[in-house]
**Student:** 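Dropping the structure in here first, questions after.
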Amino acid sequence: MENTSSLLKVVDLSFTHLGQTQPTIQNVNLTLNPGELVVLAGGTGSGKSTLLNCLTGIAPEHTGGKLSGQVFCRGEEITSWSIRMRSQLMGILLQNVETQIFTDQVWEELVFGLENWNLPPGEIQDLAQSALTEFDLVQQRDWTIHQLSAGQKQRLLLACLLTRQPDMLLLDEPFAFLDTAGVQLLLELLKKRVAQGQAVLLIEHRLELLRESCDRIYKIESGQVSLLASPLPVPTQTRAEPPPHTSKKDKPVVLKTENLSWGGYPPFPDLQVMAGDIVLLKGENGCGKTTLLKLLSGLLKPSTGQLEILGRDVTRQSVVTISRLLGFVLQNPNHQLFAESVEAEVTQSRVEPEQAKRLLKALNLSHCIQKHPHALSQGQKRRLALGAVLVREPKICLLDEIMVGQDPASLGLMLEALKTFTKKGGVLIFTSHDPGIATVLQPQVLLLH
Ligand SMILES: Nc1ncnc2c1ncn2[C@@H]1O[C@H](COP(=O)(O)OP(=O)(O)OP(=O)(O)O)[C@@H](O)[C@H]1O
């Protein structure tokens, strides 16, 4: 038996992915005690999600691969426990929210988890109702899951997890898709739970968010974990307010919308975007940012209004026709990576191999060109999806929250690639809740309600 005061104790844990020769995480030691909020930080691809998967049992039970070392919970060794057994102890939030939702309706999803715990029906109704209120999802009670934005899905999953009151919460980037209000709300809720004795281990890059609330920060670098000893320096970055939505008249209009609406909602504000323009679609979770991007890409057809690209009315054109002019990087990179290797993903669209290689290097993906795209970390997948779009040199690039979860160096590379794209006259229209990105790109802002 190990020291029973630690809720979770990890001893010399190493894991090698199936088909790999080198371990992804190596000799990891860490502890989590009741009433602690502990952060795990590190670059994209450094092994954070892999470590979390080893703690929840997903690795190796689900993924295959080789694990060594030990995991203890309150002194009892749980290394060989199944995911199912561990889930009695842990509330787990995975990085890809879509893989964790089981039903097709908000209320059912909330109730489903509670029913599995055999709670009396009255208690289930009360708990689910208060979770809806706590996570600001009352209006969405009867919505189907596909009507929710990514941020709302994240809120729903967190609501499901927190209602169960597990002793320990293991959260992989729980703030990723939340708007500013959502981030504050979750932070307060987690602090409250920690004060009540629950323990939280979470992955997050933006350490400034958690600096004052956390007990410890573990840093992971190339699979090796160490304690970040010193308090973090306060970032000196100034956060300039982006300029309002205006456009210069001397450049050609690339994209124009008029009275565009969808699904019975009021029309979106009109857009008139010139060559080289950068536009940020801003607004709270669920305000319609993704819907507008889908309308611009032709993936959705508008109920009213008109979409013009390069002076041509393309409102009723097929998505194939529109996609010759425009590239769209989706919120979930898993939905647009199809090739057998990273290299093939960027060279498949009749592109100069040298140009593809340069772009992969610029996005720090050269070291994994032979890997299968789905064996990349989430951050690497997002950079690859961006590369696969930019390499085609479209006139317009639409990005839906693709910069979440990037460490500062990788984010810097993405922003450089985007600046190069717009300097050549490309139009960039993107969504992001991160004010730091607006500071760098200085976009025009279209506020959505
Ligand atoms: N199934 C797999 N097979 C082989 N290698 C994998 C697999 N899954 C992940 N990897 C590799 O393991 C490394 C760590 O990935 P992991 O997802 O743990 O990183 P991460 O720190 O969570 O990154 P991110 O911040 O981008 O999510 C990466 O280099 C990735 O390519």
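Ligands are counted one by one from 1 in listed order, and the atoms in each one are counted from 1 as well. Residue indices begin at 1 and follow the sequence shown.
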**Student:** Are Asp142 and Val106 close enough that some pair of their side-chain heavy atoms sits under 4.5 Å apart?
**Tutor:** no
**Student:** Are the side chains of Leu13 and Asn29 in touch, meaning some heavy atoms are under 4.5 Å apart?
**Tutor:** no
**Student:** Would you call Lys419 and Val440 a side-chain contact if the rule is heavy atoms closer than 4.5 Å?
**Tutor:** yes
**Student:** Between Lys191 and Glu188, does any side-chain N to carboxylate O distance fall below 4.0 Å?
**Tutor:** yes
**Student:** Quick one: salt bridge (Lys or Arg N to Asp or Glu O under 4.0 Å) pairs with a partner in residues 59-68, sequence neighbours left out?
**Tutor:** none
**Student:** What do the steps show when you test Ile309 against Lys395 for side chain to side chain contact (heavy atoms under 4.5 Å, CB included), and what is the final call?
**Tutor:** CA-CA 9 Å; Ile309 297 182; Lys395 301 279 182 222; 5.9 Å; no
**Student:** Can you list every protein residue that has a heavy atom under 4.0 Å from any atom of ligand 1, sorted by chain and residue number?
**Tutor:** His17, Gln20, Thr24, Gly43, Thr44, Gly45, Ser46, Gly47, Lys48, Ser49, Thr50, Gln95, Glu173, His205, Lys371, Ala375, Leu376, Ser377, Gln378, Gly379, Gln380, Gly405
